[in-house]
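Every chain is numbered from 1 and lettered A, B, ... according to where its sequence line falls, protein lines coming before strand lines.
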Amino acid sequence: MAELKGAGGAPVSIAAVEKRFGSVAALQGVSLDAGAGEFLSLLGPSGSGKTTLLMMIAGFEIPDRGTIAIGGRDVTELPANQRNVGMVFQRYALFPHMTVAENIGFPLRMRGLARSEMSSRVEDALKLVRLDGYGTRLPSQLSGGQQQRVALARAVVFRPPVLLMDEPLAALDKKLRQAMQLEVRHLQRELGLTVLYVTHDQEEALTMSDRIAVLNDGRIEQIGRPEELYEMPASAFVADFIGETNFLSGDVVGLDARECRVLLDGDGLVTGRVAADGLAAGTGARLAVRPDRVRLGNAEGIEGTIAERIYSGAMLMLAVRIGETTTIMARGPSNGPDADRSVGDRVRVSWKPEDARVYPAAAER
Amino acid sequence: MTRWRQVRGGRWSPLAAMLLLSPMALLLIAGFFYPLVNLLGRSLWTPEFSLVHYERLLGEPLYLLILMRTLWIAGVVSVFTLLLGYPVALVMARLGGWKAALVAACVLVPLWTSALVRSYAWVVLLQRNGIVNDTLRGLGLTEQPLRLIHTEGALLVAMTHVLLPFMVLPIYSVLRAISTDLPRAAANLGAGTWSIFRHVTLPLSLPGVFAGTLMVFILSLGFYITPALVGGPRTLMIATLIGQQMTELLNWSFASAIAAALLAVTLLLVAAFRRVLRIDQMAGHAG
């Protein structure tokens with residue numbers, strides 16, 4: 001296994017990259033730095049440009065403007081086959097006419113390795129993904145999870161410093177996906193690889209990443225550690241995309257450097273942290289608060305009625321109806337203090353001001 | 001309710017299946033199977049059972065020569081169409097949008113023109129005072145008109161032209177079905193353009209190559225119009241021989257014996273080819 005350890009990871013540096021496909025701007029000035037050995041996720045909805053960015057790092061697309069460097073070397077226009085980066089494709093892209101061992105040996109063969117060296121490296125790679133003994137099978141004789149592990153072994157067997165992964169777990173069922181998430185993370189640490197991981201699954205990104213870059217409409221909305229993104233989303237988009245969020249619309253009625261008071265459309269005065277520029281008294285605002293930070297009580301806060309009670313094992317979700325149009329979701333442990341509240345009960349909803357964030361209403365772009 | 005009348009999710013009952021198949025089956029039985037049996041019968045009963053026609057076919061070197069020539073020409077035409085057709089299929093599969101449509105049209109339009117018309121076109125081009133000879137003499141390259149028509153070369157060129165679409169289309173459809181991820185993955189793993197073709201595209205396209213080759217080869221074996229018009233008597237092929245025996249010499253029994261021999265050779269080759277094909281598909285379909 002030690003044989004598979006290369007020189008560890010290399011930093012990847014993307015500077016002001018732009019790309020258009022016809023009239024569609026896929027990437028509009030994206031800059032991003034992944035440190036050596038870092039697990040960085042590119043998270044965003046479909047069409048956000050995350051896959052295009054990955055394809056550029058792999059060398060399948062050339063940016064219109066900007067540069068891409070791997071390990072300090074400019075590779076912007078280097079052909080894909082000379083980049084020496086590993087890649088795991090969404091549908092594995094195993095060669096159907098080659099056995100598992102031939103698939104894994106392919107990059108070594110392309111590099112002209114001696115047969116004996118090749119087979120020992122392939123054996124090591126198979127052990128690494130716990131598929132020893134499967135070398136002579138064809139990909140079609142393996143399950144989805146096994147094919148995934150073969151793709152992974154093939155992508156690291158030539159000791160690339162950087163591993164690119166394009167939604168590699170999207171096709172697996174939930175249990176298998178979670179097991180593979182741990183396995184990928186373990187492998188990345190073991191080999192010291194820099195991983196760029198494209199996903200649209202925010203939960204997956206939160207679980208696996210050192211840092212996450214959230215992309216939207218060809219731009220990076222925010223880059224940060226998972227906690228930063230969850231606790232301090234820089235925009236309403238990030239707050240909405242990462243985790244669950246209650247959004248409440250209203251008008252700014254009071255504002256200082258830290259906090260902002262908002263009069264909700266459906267009546268009720270609420271307070272949250274200022275989270276973005278562009279707030280002024282009298283303008284529209286959106287307040288975001290996580291369901292798990294919402295507290296239910298009888299003394300303080302805005303008044304409402306429990307409209308729905310959703311039990312999901314460990315957690316209990318209560319939907320509280322405020323006025324005509326607003327619903328606030330509150331979540332807590334299913335054996336917590338709110339466990340015996342039932343539909344129709346009157347409650348008061350509140351939260352700590354530091355748990356809520358206020359963004360300008362005119363959604364920037 | 002009896003079993004065959006039950007409607008089960010999406011499956012045809014045997015009766016419905018038979019009803020749907022019967023018009024075609026009747027046509028085949030009446031128009032193809034019966035004449036075939038009749039033909040075989042004529043070659044063996046004249047009117048008593050006798051192998052005399054087969055003895056003549058195998059005993060006369062001329063007929064064996066024609067059979068060998070037919071196999072040779074079919075083989076060469078298969079190789080030519082493969083060499084010319086594969087690159088075309090490759091380009092068609094790579095191109096997108098209107099460019100692919102244009103190439104596809106160039107391949108398909110000849111297919112919509114009858115083989116008779118195309119063969120006559122070759123006659124016009126290659127005949128003694130045809131366009132090719134006139135041009136060559138006009139340029140001062142030759143003094144006397146060259147003998148182009150009724151040569152094996154002319155026949156090979158014309159048959160390759162006529163049969164090319166049958167090679168291009170199966171290869172194209174197989175190439176189109178190869179996921180674009182596979183060449184990309186190969187490039188990512190360090191393969192250059194040639195290696196990608198050699199190790200990924202080519203092996204995955206082999207089922208199409210086999211299908212196209214088999215189709216062209218079998219069509220060539222029984223090809224009648226083009227050999228008759230462009231090939232002439234010196235490059236007599238087996239289908240033309242059968243036609244002569246039937247229409248000119250009215251020797252139906254002997255014609256039947258040759259036809260039976262052609263059928264036997266064809267079936268034998270198909271069976272041999274299918275074995276290769278099946279082995280290949282086991283590897284090729286694993287995915």
Side-chain angles (χ1 to χ4, degrees), chain A residues 22 51 54-55 57-61 78-100 102-113 125 136-142 147 150-151 153-160 162-168, chain B residues 86 89-90 93-101 170-213 274-287:
Chain A
T51 298
L54 201 74
M55 292 299 155
I57 302 169
F60 302 135
E61 302 282 357
L78 195 70
N81 61 329
Q82 292 168 27
R83 292 205 179 188
N84 204 38
V85 295
M87 177 147 184
V88 177
F89 290 77
Q90 191 169 3
R91 278 155 293 151
Y92 322 141
L94 297 177
F95 304 124
H97 59 298
M98 296 185 197
T99 63
V100 166
E102 283 167 347
N103 263 286
I104 298 174
F106 188 82
L108 305 176
R109 200 165 145 203
M110 290 301 113
R111 285 162 176 76
L113 253 70
T136 56
R137 306 231 190 149
L138 287 169
S140 58
Q141 296 167 315
L142 302 181
Q147 290 187 35
V150 174
R154 188 179 68 175
V156 300
V157 72
F158 57 103
R159 302 170 186 162
V162 175
L163 179 61
L164 309 175
M165 304 184 88
D166 184 12
E167 308 212 17
Chain B
Y86 197 100
L90 201 60
R94 292 272 163 86
L95 289 175
W98 65 271
K99 289 180 199 153
I171 297 177
Y172 166 74
S173 74
V174 170
L175 284 173
R176 265 318 270 253
I178 299 175
S179 156
T180 53
D181 275 355
L182 295 179
R184 281 189 162 186
N188 170 257
L189 296 168
T193 312
W194 168 249
S195 290
I196 295 173
F197 178 74
R198 159 93 182 67
H199 296 293
V200 179
T201 314
L202 181 64
L204 290 175
S205 70
L206 284 183
V209 170
F210 283 129
T213 308
R274 284 205 82 103
R275 280 185 81 94
V276 181
L277 198 65
R278 200 162 308 133
I279 290 162
D280 173 78
Q281 272 179 341
M282 277 201 301
H285 268 241

When A:Q90, A:R109, A:R83 are compared by non-hydrogen pairs under 4.5 Å with chain B, the top option: A:R109
I need the B:Y86 OH to B:L175 CG distance, nearest 0.5 Å. 5.0 Å
Would A:L164 and A:D166 count as a side-chain contact (heavy atoms from CB on, under 4.5 Å) if you check the C-alpha gap in whole Å, the side-chain angles of each, and the deciding distance to 0.1 Å? CA-CA 7 Å; A:L164 309 175; A:D166 184 12; over 6 Å; no
With a 4.5 angstrom heavy-atom cut-off, which part of A:L94 approaches chain B: side chain, backbone, both or neither? backbone
Please look at A:F89 and chain B and tell me whether the side chain, the backbone, both or neither of the residue comes under 4.5 angstrom of a heavy atom of that chain. side chain
A:M55, A:R91, A:R111, A:M110: which one forms the most heavy-atom pairs within less than 4.5 Å of chain B? A:M110
Quick one: pull up CG in B:N188 and CZ in A:R154 and give me the separation to the nearest 0.5 Å. 8.0 Å
What one should report as the nearest heavy-atom pair of A:P160 and A:G86 is CB-N, 3.5 Å
